[in-house]
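Hydrogens, waters and symmetry mates are skipped; everything else that's a heavy atom, side chains included, is used.
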Amino acid sequence: MSDTHVLIVGAGPAGLTLGIDLARRGIPALVVERADELFPGSRGKGLQPRTMEVFDDLGVLEAIHAVGGGYPAGMIWRNGERLREHHVFEQPAGPSEDSPYDEPWMVPQWRTQRILLERLEELGGKVAFGREVTGVAQDPEGVTAHFASGGPVRARYLVAADGGRSVVRRAVGVGMTGEEVDPFPTLVADVRITGLDRDNWHFFPQGEGTEDLLAICPLAGTEDFQLVARFAEGAEVDLSPEGVRQVVAARSHLAAEDVTEVRWASDFRPRAALADRFRVDRVFLAGDAAHVHSPAGGQGLNTSVQDAYNLGWKLGAVLGDGARAALLDTYEEERRPIAAQMLGLTTSIHRGETRRGGATRQLDLGYPASTLTAETRTAPGPVRAGDRAPDATVNGVRLFDAFRGPHWTLLALGTSAPAPSAAVRLVQGPAHETYGTGLFLVRPDGYVGWAGDTPDGLPEYLARFGGR
């Protein structure tokens, strides 16, 4: 017997996203969080375009849009004077039909998590706060989690989304391989400041090096600024309000008293690390428990959301649709290489070797080599199996509207369609400039799983996910 089908440890972006995805599929799940409340800081403030597409599907995009904003242009200061603008990102080409969200959207992490929690509760899910996992035991039928207080919880599967210092990861014996990105300790804080405009992301370089940089960014949709300051190797970072004020006074034209409030502060040493495995039997690792990034390039939170989005539909298929448990092996197969790729990107950006550009938007990521990917056409067009399924309008139907929900979608473009299945939504139309011609079976997470010229092989492919 189990208390729940899926126990999710950690109420960060990965844990809440997974909770939402399972709740909308009717899969019993419980999210537990060690802290007494959601994370209070802005740390992961940038939502990449691919994540915006995920949030569109999960029903939170409107709320995210309402409280966020675009990134302002950077401004370099020297000796109390504006020196020049600095564009942090390569400028995108602009929204298009196939990619309606073209640039990062700024929402402080604490607000993103509140929106996700509200959506989870709307769907009937919940988070149990103040529940610190101390141990995990597995057997062939399930997982038992033990807590510092309160009784154990039994689940068929457990997902560790409990951060870079994951207790669950250690409990199941998974190591992390990584490196220090740079030796400089970094302060990040949410502050309120007078005497500084909100139209720019302000940079105060102190000299030729970067170890004593100060950057102050207005947080969209709030009255706060996010402050980031780097220190010399081996320095002790003072997280007190007075310590934060002194950093601002020492490195900018602002006075200490211009920092009217310090709402949250933390420090870290940038590193990049990847879990050696993403699955141990009935336990899965997601988010920072599986990969730890430098914040440069804004990939950590976004990659974490993508982990949950990939795992959610697979757990739903196994627990709700009768798919074979072997489907869950493809979570590590698909997500670990992506995480490794994103770790390489963020490290390169952090070290100044790469600019924040198209790769950070995560729209070009896919699973072409996955065992779930089947391209059977003799002459594939611009969209192939394994690719992200782009948006388009087909016979007056917007595809992102058709994809929205926990189902599969079959696009029949310029060819005849097979008889529709109750579990698959059918969209028909002529050959399309974006997709080309053929049949495209779009997975619940928005990637093309199977593509063919004819329906031959389609029923057998779908049977892998629950006998459809």
Excluding sequence neighbours, so at least two apart, what forms side-chain hydrogen bond (donor to acceptor under 3.5 Å, both in side chains) with [X]?
X	result
Asp288	none
Asp267	none
Asp98	Ser96
Glu118	none

Aromatic rings [X] and [Y]: how do their planes relate, parallel, tilted or perpendicular, breaks at 30° and 60°?
X	Y	result
Phe284	Tyr331	perpendicular
His202	Trp77	tilted
Trp313	Trp408	perpendicular

Applying salt bridge (Lys or Arg N to Asp or Glu O under 4.0 Å) to Asp36 and not counting sequence neighbours gives none
**OP:** Begin with the C-alpha distance, continue with both residues' side-chain angles, and end with the deciding distance and a verdict on side-chain contact (heavy atoms from CB on, under 4.5 Å) for Leu411 and His432.
**Re:** CA-CA 10 Å; Leu411 307 180; His432 196 281; over 6 Å; no
To the nearest 0.5 Å, atom CD of Glu62 lies from atom CD1 of Ile115 at 10.5 Å
task: Evaluate whether atom CZ of Arg198 has more than 12 neighbouring non-hydrogen atoms of other residues, nucleotides or ligands under 6.0 angstrom away.
output: yes
Side chains of residues 7-30: which donor-acceptor partners sit under 3.5 Å, not counting sequence neighbours?
| unit_1 | atom_1 | unit_2 | atom_2 | d |
| --- | --- | --- | --- | --- |
| Thr17 | OG1 | Pro13 | O | 2.7 |
| Asp21 | OD1 | Arg24 | NE | 2.8 |
| Asp21 | OD1 | Arg24 | NH2 | 3.1 |
| Asp21 | OD1 | Arg25 | NE | 3.2 |
| Asp21 | OD1 | Arg25 | NH2 | 3.3 |
| Arg24 | NH1 | Asp57 | O | 3.2 |
| Arg24 | NH1 | Asp57 | OD1 | 3.2 |
| Arg24 | NH1 | Asp57 | OD2 | 3.4 |
| Arg24 | NH2 | Asp57 | OD2 | 2.8 |
| Arg25 | NH1 | Pro406 | O | 3.1 |

Exercise for review: Answer yes or no: is there an ion pair linking Arg443 with Glu334, defined by an N-O contact shorter than 4.0 Å?
Suggested key: yes
Can Arg111 and Asp224 be counted as an ion pair, charged N to O under 4.0 angstrom?
no
Working note: Gln362 + Thr303, criterion side-chain hydrogen bond (donor to acceptor under 3.5 Å, both in side chains); need CA distance, chi angles, decisive distance, verdict.
CA-CA 9 Å; Gln362 298 201 356; Thr303 303; 3.2 Å; yes
